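Single-structure report; data block below.
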Amino acid sequence: MFLQKLKEISTFIFDVDGVLTNGDILATDSGEFLRTFNIKDGYALQLAVKKGYQVCIISGGSGAAMQKRFDGLGIKHVHLGVSDKVKVYEDFLHQHQITDAEVLYMGDDIPDYKVMKRVGLPTCPADAVEEIKSISMYISPQKGGRMAVRDVIEKVLRVQEKWFDENPSAVDSGK
């Protein structure tokens, strides 16, 4: 059943803090919040975009650096500072004529719960909270910010025979 679900995925939706980052936020004296992103996750994200998948970010967190990172990876659907993830999710699906069954969502904490109950393939990093693990069809062996995102993207692209890129870019466009 899991392999069949992978074959149906056309859309990836990710939370940020605890999924694309390790969940740590460094608060500077100037009031900035700094996060670190994994380069290998970034490669998989830009490859998914390049291969024609819909990639969407829905996060309660926000910041210009986050937006710049996602812009650099070619992700056009970035929703930051979101308080109602279900509403953003529903609007995104309606706007792009996507069904729940086509969506792989990766979340790590309670704000992701309601959306994850709806998607075709709910997933989470190894260090997600227990409530999220209990509803996930796949728990990555990787922790958030440590290639959990690459893990799920790579699985989908490999099953759909789209993983290998004949002309990969060695430039990390997030710089």
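Small disclaimer: the values here were computed from a predicted structure and weren't measured.
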message: Main chain of Y43, side chain of Q46: is a donor-acceptor contact present, judged purely on distance under 3.5 Å?
response: yes
message: Quick test of your reading of the model: are D127 and R146 salt-bridged, counting only N-O distances below 4.0 Å?
response: no
- request: Apply side chain to side chain contact (heavy atoms under 4.5 Å, CB included) to the pair R69 and L73, showing each step before the final yes or no.
  value: CA-CA 7 Å; R69 175 65 176 149; L73 294 171; 3.9 Å; yes
message: For K117, is the NZ atom crowded, meaning more than 12 foreign heavy atoms sit under 6.0 Å from it?
response: no
query: Is the closest side-chain heavy-atom distance between E131 and I135 below 4.5 Å?
result: no
field: Residue pair I9 / L104: nearest heavy atoms and the distance that separates them
entry: CD1-N, 3.7 Å
task: Measure from the side-chain N and O atoms of D109 to the backbone N and O of P111, and report whether any donor-acceptor pair falls under 3.5 Å.
output: no
- prompt: With sequence neighbours left out, which residue pairs that include part of residues 28-43 fulfil the salt bridge (charged side-chain N to carboxylate O under 4.0 Å, His left out) condition?
  reply: D17-R35
- request: Please lay out, stage by stage, how V103 and F92 fare under the test side chain to side chain contact (heavy atoms under 4.5 Å, CB included).
  value: CA-CA 11 Å; V103 177; F92 178 75; over 6 Å; no
message: Testing the basics here: between P125 and G144, what is the closest heavy-atom pair and its distance to 0.1 Å?
response: CB-N, 3.4 Å
message: Testing the 3.5 Å rule here: is there a donor-acceptor pair between the side chains of Q67 and D71?
response: yes
task: Please list, chain by chain and in numerical order, all residues satisfying salt bridge (charged side-chain N to carboxylate O under 4.0 Å, His left out) with E161, sequence neighbours excluded.
output: none
task: For residues S140 and D151, report the shortest heavy-atom separation together with the two atoms involved.
output: OG-OD2, 2.7 Å
query: Between D108 and C124, does a side chain to side chain contact (heavy atoms under 4.5 Å, CB included) hold up when you go through it step by step?
result: CA-CA 6 Å; D108 71 309; C124 69; 5.6 Å; no
Shortest non-hydrogen separation from A126 to P141 and the atoms involved: CB-O, 3.7 Å
- prompt: Y105 pairs by side chain to side chain donor-acceptor pair (under 3.5 Å) with which of D112, T123, T11?
  reply: D112
message: Treating Q160 as the side-chain partner and K7 as the backbone partner, does any N or O pair qualify as donor plus acceptor under 3.5 Å?
response: yes
- prompt: Just wondering, more than 12 heavy atoms not from K114 lying within 6.0 Å of its NZ?
  reply: no
- prompt: Would you call the rings of F12 and Y53 parallel, tilted or perpendicular if under 30° counts as parallel and over 60° as perpendicular?
  reply: tilted
message: Can you tell whether the side chains of E130 and K133 come within less than 4.0 Å, N to carboxylate O?
response: yes
task: Could you go through the side chain to side chain contact (heavy atoms under 4.5 Å, CB included) check for M66 and F37 one step at a time?
output: CA-CA 9 Å; M66 289 171 63; F37 292 88; 4.2 Å; yes
